[in-house]
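First listed ligand is number 1; within each ligand, the first listed atom is number 1.
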Amino acid sequence: MLSGLRSRVMRFLERPGSASLTPYLRLMPEIASREPALAVLADGELAAVAREATDDAGICAVGREAARRGLGERPFDTQLLGTLALLSGNVAEMATGEGKTLSGALAAAGYALRGRSVHVVSVNDYLARRDAEWMRPVYDLLGVTVGWVSSASATAGRRRAYAAQVTYGPVSELGFDVLRDRFATVLTDPVMGAPDVALIDEADSVLVDEALVPLVLAGAVDSDEAGPDMAELVRRLRPGQDYQIDEDGRNVHLTDAGAGATEAALGGIDLYTDRHLGTLTRVNLALHAEALLRRDVEYIVQDGKIKLINPARGRVARLQRWPDGLQAAVEAKEGLSSSRSGEILDSITVQALAGRYATVCGMTGTAMAVGEQLREFYGLEIAVIPPNRPCVRVDAPDRLYATAKQKEDALARHAAAVHATGRPVLIGTLDVSESERIAGRLRRAGLSCAVLNAKNDAEEAAIVAGAGARGAITVSTQMAGRGTDIRLGGTAGDQGQIAELGGLQVIGSGRHGSSRLDHQLRGRSGRQGDPGSSVFFVSMQDDLVTRYVPDARPPAETDRDGSSPDPAAHETVAHAQRVAEGVSLEIHRNTWRYSQIIEIQRGVVLEHRDRVLRTDAALAALARRRPGRATALGAVAGHDVLVDAARQITLWHLDRGWADHLSYLADLREGIYLRALGRGLSPLDEFHKEATRAFAGLLAGVEERSAESFGTVQITADGADLDAAGLRRPTATWTYLVQDNPFSTDFDRAMRSVARALRKLLAT
Ligand code: ADP
Ligand code: MG
């Protein structure tokens, strides 16, 4: 059996660029040889053995026994290969349905038994809880404690969950807890311990697709001076004349006429000088809100609040906001009282969050395609684990059509034909509106189907679990039902019968922006050696093609059903996908370069903050600057009160200073192309230089302002009265994910500004 696995491994892999499995394979005989002795132990004895046997083979052997007893599932050798890959800090690539949940749990338990503290990172609340509860019997038998957090967890619950040796949590909550903990003003406040091991499920989604999503902590503070009413100002601008909207509707910009009118309305300033960077940003935000964000399409107004609609999922997106300035601009447009006075106190990207852990490892069905990114951004290697049973799914070549209409007609006919044979059909679409359209068509043709839009993770998991049933048709967007296995026969269990019919047919309604996402969809079929097939329907009018190969020629010849075998046209689609992949990689790389310096600076601030929190460094510094005051207060107050007063004052100014610095950097980022290009310099270098300069004085400035406050704030035996001195901490904080960054195309915007400046120059 072992030699069978080894030869399969040799045939299947040792692909260039992947970690070698040879050292793991060598351990398999030893793991197997320990099995009989473990099988006769009492449950209570297993944990004792686990505590002793913390070498790789020992962890696998005891883990296998615990899984057999706790779940009634004896881990396959391939699953243990996955566990070993995780234990050595790699990303394990294992196909859908291969049992990654269990592989991951054994690795997490292994780390815990070695004294490490582990966060198992999931993509949503539902999966974090499901996996922790599902694997609990295994952890119990191994004597390892386990907990989970979700967005609904209260503080005490979080504290308990993080105190466990292994904690499951959605990536957003882990990030929010990091942000909240950073603002602790008392040593006992933090709920989370030091980051140690992160074991990331769906590692490609988390580390690549969502890596740049900023998680934000915002706070409500007293709003400052009002400033000109930008919403009112841009409302008076004339569409088409004063501003123009790009074809793709993602960008709006002032024309020369509009810029002139705006400058006049603001009292004749020159918007495009450094001095008015902040004003220009506010004008752009107001314009973005006015011209691009449509009420009841991009957002709704409910209970006097703006609620975002997630375009991919077509529902109100809980927890999400636009970047702060834009949110405020939309509120102003709707005449709502601004929820900002809220300002960003701090934010962290998923990538930076991962960077905090001493050890990162992960698992996913599709890692090789992003091997380059995983290596470049995280230093991770991929171990490609062969399937337990060889995959026999048939992936048919794309069916290609000239028009979107021809494509959808053919797709619907195909789905109906496969359905008529009794085989279950899963149709993967690119967005919600397409799902609705296709489902509507099928229903009109008398076929019933389930539509999933990732609206409710738990509910949809149940529907997906039934998607393998005889005659089932399921229409789903990429996000829906993630992490749920599609078993042939569904929950009813006529697995053999469905397999005989040919298994699950996956139909893609178009290629994704990355071939990896295509593979994710195909991988829903053919799990654990099941039969199955997949096919994608594409057209020359697909967004992917029109966007990335705008001059594509129509396909040459056409088959009877309208599909074209024209190799040139097929190559065009493949090319469009490669271009899209290249663009995403470039955006990722660029954003990472910008954020890197911010991360370094944040590190310095946090280190300082930690020192202030843990030691009397703050008092020492303030007493040095205000010796008289310290001595005078020392007499009334006692040392401890003084230490705390100095600490609270310093923390206030430090947090304030950091939030200001972040907002300065956001403005800087927005304007940097303009400045740099004007002087023939590299924008990134300029950004680094400016950011470094601005940061250089930050800590000294904080100390100086803290010393001033120390001189004036009233300090009694009860402590320092910061509120009375106007040093108010946010009365409430909240967290959110940034939905869409309007500055992602700041390059275009800057280019327009440059062009305008040139025109101005030439006109004079
Ligand atoms: P993945 O995350 O790799 O897609 P899951 O962890 O969701 O896969 O597991 C898929 C299914 O396989 C689950 O129903 C699980 O119970 C089952 N399974 C996992 N390991 C085994 C095993 N060793 N023996 C039998 N069934 C298993
Ligand atoms: Mg999974």
Side-chain angles (χ1 to χ4, degrees), residues 1 5 28 31-32 35 60-61 63-83 85-86 91-109 120-139 168 170-171 199-206 361-367 383-389 391 393 426 457-458 460-462 464-468 478-493 495 504 506 519-530 532:
M1 183 189 75
L5 175 63
M28 290 298 148
I31 295 169
E35 207 166 337
C60 288
R64 172 177 268 170
E65 183 58 25
R68 198 182 60 76
R69 294 184 194 197
L71 303 174
E73 289 173 356
R74 178 183 173 277
F76 307 120
D77 281 359
T78 49
Q79 281 174 295
L80 297 185
L81 290 177
T83 301
L86 293 166
V91 171
E93 183 180 83
M94 297 169 71
T96 310
E98 287 293 311
K100 288 187 284 296
T101 317
L102 179 52
S103 284
L106 298 187
V120 182
V121 183
S122 311
V123 290
N124 60 40
D125 278 353
Y126 163 74
L127 289 174
R129 176 183 180 159
R130 181 200 74 171
D131 292 354
E133 293 305 338
W134 180 8
M135 295 295 133
R136 189 182 290 282
V138 182
Y139 287 110
Y168 285 72
V171 61
L199 194 160
I200 303 177
D201 195 9
E202 315 272 4
D204 57 334
S205 301
V206 173
C361 59
M363 48 196 192
T364 170
T366 43
V384 183
I385 313 295
N388 179 46
R389 288 159 76 218
C391 178
R393 187 187 63 238
L426 174 73
D457 295 316
E460 299 199 348
V464 166
Q478 185 212 336
M479 315 283 289
R482 268 213 282 203
T484 311
D485 199 27
I486 303 185
R487 281 176 188 243
L488 294 186
T491 37
Q495 185 166 4
L504 178 68
V506 163
H519 291 310
Q520 270 178 16
L521 178 59
R522 289 193 204 276
R524 293 303 208 134
S525 167
R527 60 173 289 284
Q528 287 285 345
D530 285 341

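- Scanning the protein heavy atoms around atom 4 (O) of ligand 1, the nearest turns out to be G97 N, 2.6 Å.
- An N or O contact shorter than 3.5 Å links E73 to ligand 1 by distance.
- With a 4.0 Å heavy-atom cut-off, ligand 1 is reached by no atom of A67.
- Below 4.0 Å from some heavy atom of T96 lie the following atoms of ligand 1, by number and element: 4 (O).
- Close approach to P75 involves these atoms of ligand 1, each under 4.0 Å from a residue heavy atom: 23 (N).
- At a heavy-atom distance under 4.0 Å, no atom of Q528 approaches ligand 1.
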Exercise for the section: Run the numbers on Q495 and D530 for side chain to side chain contact (heavy atoms under 4.5 Å, CB included), then give the verdict. Expected result: CA-CA 9 Å; Q495 185 166 4; D530 285 341; 3.9 Å; yes
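- The N/O atoms of L102, backbone and side chain alike, include none that comes under 3.5 Å of an N/O atom in ligand 1.
- For the pair T96 (side chain) and R524 (backbone), a donor-acceptor distance under 3.5 Å is absent.
- Here the side chain of Q79 pairs a donor or acceptor atom with the backbone of G99 at under 3.5 angstrom.
- Here is the list of ligand 1 atoms found below 4.0 Å of a heavy atom in G99: 1 (P), 3 (O), 5 (P), 6 (O), 8 (O), 9 (O), 19 (C).
- For A95, the heavy-atom gap to ligand 1 drops under 4.0 angstrom.
- For the pair W134 and ligand 1, the shortest N or O to N or O distance does not fall below 3.5 Å.
- Summarising the local packing, CZ of R393 is surrounded by more than 12 heavy atoms from other residues, nucleotides or ligands at distances under 6.0 Å.
- Between M363 and I385 there is no side-chain heavy-atom pair separated by less than 4.5 Å.
- Ranking protein heavy atoms by distance to atom 24 (N) of ligand 1, first place goes to F76 CZ, 3.5 Å.
- Both the backbone and the side chain of T101 come within contact range of ligand 1, each with a heavy atom under 4.0 Å.
- Here the shortest heavy-atom distance to atom 12 (O) of ligand 1, taken over Q79, R130, R527, belongs to R527.
- Neither the backbone nor the side chain of M94 has a heavy atom within less than 4.0 Å of ligand 1.
- Counting only heavy atoms from C-beta outward, the side chains of L426 and I486 approach each other to under 4.5 Å.
- Residue R487 places a heavy atom under 4.0 Å from ligand 1.
- Exactly one of L102, D77, V138 qualifies for a side-chain contact (heavy atoms from CB on, under 4.5 Å) with R64. That residue is D77.
- Protein heavy atom nearest atom 10 (C) of ligand 1, with residue, atom name and distance: D485 OD2, 3.4 Å.
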